[in-house]
Amino acid sequence: ENYKAQADEIVAFLNGIDEKHDYIKVILTGAGTSAYVGDTLLPYFRKLYDERKWNFNAIATTDIVANPLAYLHKEIPTVLVSFARSGNSPESVATVDLAKDLVEELYQITITCAAEGKLAQQAHGDERNLLLLQPALSNAGFAMTSSFTSMMLTALLVFDKADLAVKEGKIAALIALSQKVLDSAEMIQKMVSLDYNRVIYLGAGPFFGLAHEAQLKILELTAGQVATMYESLVGFRHGPKSLVN
């Protein structure tokens with residue numbers, strides 16, 4: 001519903017950039033979980049878009065602040081897509097400031113869960129900054145599960161080229177799949193009640209970024225008592241499998 005309320009504004013914003021430039025660099029960015037949103041989405045967006053026109057990159061704010069000149073270039077039109085729960089992370093705020101200083105033609109899409117956060121507040125009144133606020137309840141909880149889900153879904157809706165009816169169909173399918181997971185609570189409980197102290201997530205393509213996020217959830221929610229790892233399915237056998245006990 002939030003997306004549909006801003007759909008026309010979103011389309012106009014992206015079309016305006018597309019019409020003005022022959023080449024656009026898109027940086028999906030954030031810190032920690034927010035960075036993994038971009039990592040998860042990147043393979044899909046690269047399939048959707050011709051990289052000679054729209055070049056998608058997933059670069060964490062923690063990497064950008066450490067070496068900004070490697071990623072931000074004055075002469076390259078850039079869309080900075082900031083994912084942020086609070087919008088107050090020092091790296092996220094600093095990345096925006098650096099981009100404003102270094103990039104001549106800068107556009108921003110700010111996807112955040114906190115209306116009162118610095119990133120959201122900075123977006124007001126800036127015609128080159130599209131603010132997409134997430135439902136208020138996504139700004140709650142230590143492990144950022146709902147914020148990750150909301151921000152990722154919003155970005156998918158923004159950049160997917162399908163028409164609204166197709167998107168609504170995909171949302172309905174997601175809701176049905178999610179309900180099946182909730183209905184499987186008893187079976188899932190039996191699995192997580194097993195005796196283990198290590199959890200390894202494997203994934204390829206979009207699932208590689210998702211595996212990174214999933215392992216972090218277990219690490220955080222068990223306060224490090226369960227050792228976690230993520231890898232690609234094939235890469236796992238090249239050394240990382242040593243974690244299996």
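For the numbers below, each heavy atom of this structure counts, side chains included, while hydrogens, waters and symmetry mates do not.
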*Thr110 and Asn129: side-chain donor and acceptor closer than 3.5 Å?*
yes
*Check: Arg46 side chain, Glu51 main-chain N or O, donor-acceptor pair, under 3.5 Å*: no
*Under 3.5 Å side-chain donor-acceptor pair for Gln179 and Asp183*: yes
*Check for a donor-acceptor pair, side chain of Asn55 on one end and backbone N or O of Lys25 on the other, with a separation under 3.5 Å.*
no
*Is it true that atom NZ of Lys180 has more than 12 heavy atoms of other residues, nucleotides or ligands lying nearer than 6.0 Å?*
no
*Give a yes or no on whether the backbone of Thr145 and the side-chain of Lys217 come within a donor-acceptor separation of less than 3.5 Å.*
no
*Is atom CG of Asn67 surrounded by more than 12 heavy atoms (other residues, nucleotides or ligands) closer than 6.0 Å?*
yes
*Shortest non-hydrogen contact from Ser86 toward Ser89*: OG-N, 4.0 Å
*With distance as the sole test, does Thr29 use its side chain to make a donor-acceptor pair with the main-chain N or O of Ile59 at under 3.5 Å?*
yes
*Does Leu131 offer a backbone N or O that forms a donor-acceptor pair with the side chain of Gln6 under 3.5 Å?*
yes
*Which heavy atom in Tyr36 sits nearest to a heavy atom in Phe148, and how many Å separate them?*
C-CE1, 3.8 Å
*Tell me, yes or no, whether the heavy-atom count around Tyr3 atom OH, taken from other residues, nucleotides or ligands under 6.0 Å, exceeds 12.*
yes
*Distance only, no hydrogens: is a donor on one side chain within 3.5 Å (strictly under) of an acceptor on the other, for Thr228 and Gln215?*
yes
*Check whether more than 12 heavy atoms from other residues, nucleotides or ligands sit under 6.0 Å from atom CD of Glu75, and answer yes or no.*
yes
